[in-house]
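Letters go in sequence order (proteins before strands), and every chain restarts at 1. Note that the coordinates shown come from a computational prediction; the quantities given were computed from them, not determined experimentally.
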Amino acid sequence: MEIDLIEEIYKLVRQVPRGRVSTYGAVARALGDIIASRAVGLVLNLNPDPDRTPCYRIIASDGSVGGFSRGIEEKIERLRRDGIEVRNGKVMNFGKVFFDDFDTDYPLKRLRKEQMRLSRKVRLKDELGEIRYVAGFDAGYSKSDPLTAHGAIVTIELESMEIVEEMIARKRIRFPYIPTYLAFREFPVFLEAYRRIKIQPDLILVDGNGILHPFKLGIASHIGVSLDLPTIGVAKNLLMGEMRGEDVVYQGEVLGKAVYSSRKPIFVSPGHRMSLDTAVRLVRKLCRYRIPEPVRLAHILAKS
DNA sequence: GCGACAG
DNA sequence: ATCTTGTCGC
């Protein structure tokens, strides 16, 4: 069963008693990683039942009330009805009413361990047969329905660069975007689309990173190891690491390379069954524009 | 207010 | 990621 982190967040929020408040960061720590604090806010913004899940009791860590989809005034009013005093947008006696005693099994820590386990299976020597079909994967979302992911796979023939197959899948999202946990959000919809394609790709390019990840398991590696297929990660922005010329270095290791197929670079890292140099060579070959064709076409399809 | 961390 | 017409420049 896939993890429903959105429900985990609501369950934590329901633990905050009347007359107490907690913070986005405290809920994130109870999930297992402070990096999820912004995601907590975004999920609470989508709270379908504010009467059952008192998200107004979650405020910013500086004691200011933070946002509320029905207006900040309504949030302050609800806090006052709980007996919380608010002055100038700040909760009074914040230290006294702050709740942090969550009952939790730290789901994100479990997922982090899963990443570490899978990262040991990543192989970075070239294990490619003849490459004829190259697939690209990307996911898209819409503001009007942010809880549905549209996963697109477009497969092209490398030699002709012609599209040979397109597939789109839709799936309910139960995991917010959290930096370094992207695969837990998008892998399910990838799999949904992948299961339906008829032409077996020899290589998959993924919108996101490969080993250019704090635990060397970005979404491209996650997909590669899970399917034992050659994969490459292609990111439009840098997640981590520092530039040394065109190398992206993290903790003394070159994990990725900036590829300048246009003015603004993309950041390429091997996902699985591939060396960095081979990943870069293949990406260059696939670039008609800034983004390599299979990913660019998948991006367009995911938005349609 | 700034900085900022794939999508 | 999403909200988004037309316009300018290479």
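A cation-pi arrangement, defined by a distance under 6.0 Å to the six-membered ring centre and an angle within 45 degrees of its axis, is present between R185(A) and Y141(A). Note that R52(A) lies outside the cation-pi zone of Y10(A), set by a 6.0 Å cut-off to the ring centre and a 45° limit from the axis.
One can place CG of D145(A) at 18 Å from P of dA1(C), the figure rounded to the nearest angstrom. Atom-to-atom, CG of L46(A) to P of dT2(C) comes out at 15 Å; the value is rounded to the nearest Å. Going from atom CG of N45(A) over to atom C1' of dA1(C) covers 15 Å, rounded to whole Å.
Of all non-hydrogen atoms in P50(A) and R78(A), the two that sit nearest each other are O-NH1, 3.6 Å. Of all the heavy atoms in I173(A) and I6(A), the pair that sits closest is O-CD1, 3.7 Å. Summarising the geometry of I266(A) relative to V283(A), their closest heavy-atom pair is CD1-CG1, 3.9 Å, with the distance given to 0.1 Å.
Side-chain polar atoms of R14(A) and T53(A) form a donor-acceptor pair below 3.5 angstrom.
Taking atom P on both dG1(B) and dT4(C), the two are 26 Å apart, rounded to the nearest angstrom.
Between H213(A) and Y250(A), the distance from one ring center to the other does not fall under 6.0 angstrom.
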- [ ] Take nucleotides 2-7 of chain B nucleotide by nucleotide from the 5' end and write B, S or -, depending on whether a protein heavy atom sits under 4.0 Å from the base, only from the sugar-phosphate, or from neither.
- [x] ---BBB
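With a cut-off of 3.5 Å on both pairing distances, the Watson-Crick and G-U wobble pairs of DNA chain C never assemble into a stem of 3 or more.
Counting heavy atoms of neighbouring residues, nucleotides and ligands inside a 6.0 Å radius, atom NZ of K216(A) does not exceed 12 of them.
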